Every structure is written in structure tokens, then in C-alpha cells.
Undergrad: 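Input: one structure, supplied below.
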Amino acid sequence: MRYPAVARAVAWTVTGLSGALVFIALLMPTTLPALTVETFLRIPVEAIFGAALLLLLPPVSRRVVAALGGAVLGALTILNLLDIGFNEFLGRGFNVVLDWILLDDAESYMKDSLGSTTATAVSIGAVVLALLVVVGMALAVVRISNVMARNSAVATRGTLVLGTVWVVCAAFGVQSVGGQAFASRTTVARVHDRAQRVGKTLEDERKFAKEAKIDAYGSTPGDQLLTGLRGKDVIFTFIESYGRAAIEDPRIGPGVGTVLDRQTKRLREAGFASQSGWLTSATYGGSSWLGHSTFLTGLWIDNQNRYRTVTAGDHLSITRAFKRTGAWRTVGIMPGVQKSWPEGTFYGLDHVYDSRELGYKGPKFSWSTMPDQYALKAFEQLEHGKKHDKPLMSLNILTSSHQPWAPIPKTIPWSRVGDGSVYKSIQKAGKDPKDVFTDSTEVRTEYGRSIQYSVNSLIDYVLKYGKKNTVLVFLGDHQPLARVSGEHASRDVPVAIVARDKKVLDRISGWHWQDGLKPGPKAPVWKMSSFRDRFLHAYGPNGGAGPSPSASPSEKPSGKPSGKQTKKPSEQPSEEPSASPSKK
């Protein structure tokens, strides 16, 4: 060899990098805040046992085991990276049974938000990176095993020393600078945890199938449903990502609070009254359809298996209850739906207007296919403003407050909305989503502005087009992602009912909601799944007379703020992905 010194240096460098790669993989956390230097200054027990096993095996078996072990470690590393991404965006880890479909949704989201070229490049890069991680980790472990075999005496002594140190540190509870156990067994614990979660996911599917068959209102005749709302036009509206943080976070709340207070006053002056409270959503940061279905069916739907189970059955949703009465025409306004949505039949909707049927000729605003004001104006022209032989019940999903919160539409005179072409200049003058989404301060500001826009659009619509028989129920589907709402934000979302007829709100006096559109810190907090039964009772034949469905202790008014929680979102019940009315 012409340059032996260079060759030795290269060889030791490759060996060192291989060792570092394996140690990083064994100690990698699953959340971004835990990705610190202290996390990697520990001794992984898996490395000690792996080294001992490789030293005992004959050459051929050693190479096979090393390659397979490295590939498995590479796969676990990819799962850890997915955990980091999911915890950052959805406040939970990656579910290996249910979440693969969301990767396709993520690509669609990137195309809508960042452009097709960027999305394609990122997707290709992700696939290449995954292959490199698996292959590279396998080669790294094989490299280390070969070096150990050539230096078996040194490797054996080193393994014994590290093993002894690990046992002593574990016995005495020695901690690293960051407060973590110096004697790490992270990978073993994580594999065990994943295996348990797979088992729980499969078991949950069986249990929920039985739970979904139990329905307190499933056999109630139509003439005994919603008698307290007969003759009313009832509008159910979800505002995307409208969470508690929008009202209570000091970096976001002042602007949103001002809008809510102003619109409450305008409603009052126009003869409308309003009351509001809090609901704890089944989802966080995304997967809006899980929140929608939880609210409408009265079942806790926090993963995709549950969603599929309930929508494949006949559990009574609030919207289907309206359909069953035969007293309402039922429609859905779904600007986020960009392909067929068979769930419309499950929800009892006579007709669903998706993004293709709303007549929009303007530009998309990142993921959102059209501004909320346009969707509401289309609703007025297509359904609400027309004469019908029966009142209207509508399910409206507003999407302008969907991440990445740039560019944001502007409220314009209703007479100028037209076919949406007017929004071309507004969209062009808006901010670049890449600039907003990567700036932690800017993203909160623009999120708040998007909520203000959505609320203003909705209440302006009611003030302009609402009638004496109009009843509006609107709420958020989930909190925004942790980068906006905070690492310890609750899953609470605001909910409000607006009506001109005083009797409508009299029927919910037992709910102890607060006056106005902005619920305070002492307003009641219920699980979102409890709303259906409360609503059907309040507006049923005995509403306001008989007792309401009982609340669990956590749902009763406590007089204490509940905007924070003791657990991080990732430690809460999980939510899973799907093609949905408000997602890809």
C-alpha cells in the first residue's frame, strides 16, 4: 500500500463513525426537546450485550447476526425519527399499526403548502435517507464486529469494564447531567413499549366495536328527536385548529379575544344571544375528522380504526338525528374534501358540497382550497338563501385556519366575493408559508390571525344572512400543533351556541355555559364525546325539564382554570390518520 498511514487513518475514522452511529441510534430520543448532548452521554446496555454476543459467535454467524442486528437497529432509528416528527406535529408518537397512511397524506399536504417540486424532492429524500439508515447501520455493525474479532482480547476487556460500570450505575441510580439514568436501556424499553402498543391497538379495535353498538338514542323514533329545534335552521360549523391556545395563550389570545368580544357585542345588538364552554377533543394538532366524529357520534374516536368502525356502522350522529326526524334538509359544506367522501351517507347528509361543487375559481391558500368567506357565501347561494319546504341543517367545515397559516385571506365585502377570482391578488400579496412555518414567533402570530379571520367570516355571515330561526353551533376540532399551542397545552377547544330565539339557550341553562363567544377559564370543560347526548337531551321532548345526562367529575364545572394539563400531548390518548373531510 502506497500510503499506509492514510489508510490506517481512514480505517479508524470509519470505525469511529460506525461506533458513533450505533451509539446515537441506541440512545436516540423520540421527542425534539430531548435531542440534547446529555441524552447521548450515557451507556446503552444493548451495546454491551450486542458486543458480548458478537464476541462469542463464529465468523460466519457473527457477520450474519451483525448485519441483521444493524438493519433492525436502522429500522428502529427510522421509527424514532417518525416519533420525533409525529410528536412535533401531532403531539403523539408514531403508531406502527395505523399511521402509515398518514405518510401519503403528509406528501399531499406538502404539495399543497410548499409546491409539487419541493414535496417530491422531500419525499425522494426521505426514502433515500431511510434506505441509507438501514444499510448504513447494518454496515456499521458489521464493521464494528470485524474490528472486535481482530482485537478480541481488548474488546472482551472493554465489554467487561463497560458492563461492570453499567451494573454499578444502575444499582446506585447514577444520573447524567440532564437527569437521565446513566445506565441506559432505552432501545429495549422502546421495543417493549411498541410491542405493547401494537397489542393495545388490536385489542382496542375489538372493544370499540362492541362499544359502538351501544347507543342510548339508537332506537329513538324521529318524532321524539330534536323537538326543541323544530322550524330552526341549524348550522354546525367546525373552525380548523381553533383551540384553547387561541384564547388563553398570551402570545395569541389578545387579538382573538378582541374579535370574540367585538362579535359578541355585535350579535347582541342584532338580537342574537350566545353562550360558550370548552370541549376536550379526541385529537391534537391534526386528524380533524377524529374530532368531528367524536363530537357528532358521542363516541371517543381517537384513532383511525375507531373511525373506520363507527363510520361503517349505524351509530346515530347528531346530523343523522336531524335526518331521521324528516323535518330538515341536511347538507354538508366541505371545502376540504377534494375527492369522494362516502362518510356523508353515514352522517345522514342529503347532499355534500365538496371543493369541486362550490364553484370556486380563485387560488388555493396553501392547503386550504378556498377562503372561509367564500365557502360561506357559496353555502348561502347554494342552500341557505334558497326557499325550501323544510328548514335546513348544515355541517360546515371551515379550513382557512389550517396550517401552515400562510397566506391568510382577508375579509372583503360580501358583494365582491363572486366566483373567488378576487382572491388572486390577496393570495399573491400574502406571506410565504415556508417563511411563516419555520419561524416560531411568526407562526403563532399568523395562526392567531387565521383564527380571527375565520371567526370574523362566520359571525359576519350570521349577522348578514342569519334569520330569526337561525341557530349556530360552532367549535374547534383540535388545538394547533405543539409549536404553536405549547408543549404542555391541553386538548380543549372552544364551543359556542348562537341563537336569536331565547328559548334555544334557555334549554341549555343547566349546562352552566358562560354568556358570549369567549369562554372564560372557569367555564365547564366536557369531553367532546359527551356533547351528543347532552345536545339530544336538551333539545328533546324533556329538554330543560328532566335531568341532563350525567357528567363525570372531570366534566363538571370546577370553578378552576383547566387550560393546562399535567401530561404532554404525546402522553394523552392517541389519534390516528385518514383521508378526511378536513385533511388530505
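Because the structure is predicted, anything quoted here is derived from the model rather than measured. Side chains included, hydrogens not; waters and symmetry mates left out as well; all remaining heavy atoms used.
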Undergrad: Thr201 and Asn303: side-chain donor and acceptor closer than 3.5 Å?
TA: no
Undergrad: Counting only N and O atoms by type, is there a donor-acceptor contact under 3.5 Å from the side chain of Thr39 to the main-chain atoms of Leu35?
TA: no
Undergrad: Would you please say whether a donor-acceptor pair under 3.5 Å links the side chains of Asp460 and Gln263?
TA: yes
Undergrad: Find the distance between CZ (Arg444) and CG (Asp439) and round it off to the nearest 0.5 Å.
TA: 9.5 Å
Undergrad: Is it true that a side-chain atom of Lys518 and a backbone atom of Ile247 form a donor plus acceptor pair closer than 3.5 Å?
TA: no
Undergrad: Which heavy atom of Ile301 sits nearest a heavy atom of Thr297, and at what distance?
TA: CD1-OG1, 3.6 Å
Undergrad: Using 30° and 60° as the class boundaries, would you call the ring planes of Tyr539 and Trp511 parallel, tilted or perpendicular?
TA: perpendicular
Undergrad: Rounded to the nearest 0.5 Å, what's the gap from OG on Ser450 to CD1 on Ile239? Could you check?
TA: 9.5 Å
Undergrad: Please work out which of the three classes, parallel, tilted or perpendicular, describes the rings of Phe531 and Phe295, given edges at 30° and 60°.
TA: parallel
Undergrad: To the nearest 0.5 Å, tell me how far Phe474 CZ sits from Leu517 CG.
TA: 4.5 Å
Undergrad: Let me know which of Leu472, Leu505, Thr470 forms a side-chain contact (heavy atoms from CB on, under 4.5 Å) with Val498.
TA: Leu472
Undergrad: Determine the minimum heavy-atom distance between Val417 and Val422, stating which atoms define it.
TA: O-CG1, 3.9 Å
Undergrad: Among Thr294, Leu279, Thr280, find the residue that satisfies the side-chain contact (heavy atoms from CB on, under 4.5 Å) test when tested with Ser529.
TA: Thr294
Undergrad: Distance-only, no hydrogens or angles: does the Gln514 side chain make a donor-acceptor pair with backbone N or O of Gly520 under 3.5 Å?
TA: yes
Undergrad: Could you tell me the separation between the OH atom of Tyr284 and the OG atom of Ser485, rounded to the nearest 0.5 Å?
TA: 3.0 Å
Undergrad: What class does the angle between the rings of Phe86 and Phe94 fall in, given that below 30° is parallel, 30 to 60° is tilted and above 60° is perpendicular?
TA: perpendicular
Undergrad: If you measure from the Lys or Arg side-chain nitrogens to the Asp or Glu carboxylate oxygens, is any gap between Glu442 and Lys431 under 4.0 Å?
TA: yes
Undergrad: Can you find a side-chain donor-acceptor pair between Thr120 and Ser123 that sits under 3.5 Å?
TA: no
Undergrad: Are Phe365 and Tyr374 near enough that their ring centres are under 6.0 Å apart?
TA: no
Undergrad: Hey, are Arg266 and Glu269 close enough for a salt bridge, meaning a charged N less than 4.0 Å from a carboxylate O?
TA: no
Undergrad: Can you name the nearest heavy-atom pair linking Trp414 to Ser457, along with the distance?
TA: CZ2-O, 3.7 Å
Undergrad: Nearest 0.5 angstrom please: Ser317 OG to Phe322 CZ, how far?
TA: 10.0 Å
Undergrad: Could you tell me if the ring centre of Phe238 sits under 6.0 Å from that of His292?
TA: yes
Undergrad: Give a yes or no on whether a salt bridge exists between Lys503 and Asp501, defined as a side-chain N under 4.0 angstrom from a carboxylate O.
TA: no
Undergrad: For the residue pair Arg320 and His315, what are the closest heavy atoms and their distance?
TA: NH1-O, 3.8 Å
Undergrad: Quick check: Tyr347 with Trp341 (ring centres under 6.0 Å apart)?
TA: yes
Undergrad: Going from CG on Asp204 to CG on Asp302, what distance comes out if it is rounded to the nearest 0.5 angstrom?
TA: 6.5 Å
Undergrad: Any carboxylate oxygen within less than 4.0 angstrom of a Lys/Arg side-chain nitrogen, looking at Asp419 and Lys361?
TA: no
Undergrad: Could you check whether Ser281 and Gln479, counting side-chain N and O atoms only, form a donor-acceptor pair closer than 3.5 Å?
TA: no
Undergrad: Counting N and O atoms only, with roles assigned by atom type, does the side chain of Asp372 sit under 3.5 Å from a partner on the main chain of Tyr453, one being a donor and the other an acceptor?
TA: no
Undergrad: Given Ile451, which partner from the list Pro480, Ser401, Ser400 fulfils the side-chain contact (heavy atoms from CB on, under 4.5 Å) test?
TA: Ser401
Undergrad: State, to 0.1 Å, how close Gly430 and Pro407 come at their nearest heavy-atom pair, and which atoms those are.
TA: CA-CB, 3.6 Å
Undergrad: When you check the side-chain N and O atoms of Asp477 and Ser288, is any donor under 3.5 Å from an acceptor?
TA: yes
Undergrad: Any chance NZ of Lys467 has more than 12 other-residue heavy atoms, nucleotides or ligands included, within less than 6.0 Å?
TA: yes
Undergrad: So which atom in Leu349 and which in Thr330 form the shortest heavy-atom distance, rounded to 0.1 Å?
TA: CA-OG1, 3.4 Å
Undergrad: Apply salt bridge (Lys or Arg N to Asp or Glu O under 4.0 Å) to residues Glu383 and Arg329 and explain how you reach the verdict.
TA: CA-CA 10 Å; Glu383 287 286 347; Arg329 172 170 169 76; 2.7 Å; yes
Undergrad: Please determine if Lys502 and Asp506 form a salt bridge, counting it only when a charged side-chain N lies under 4.0 Å from a carboxylate O.
TA: yes
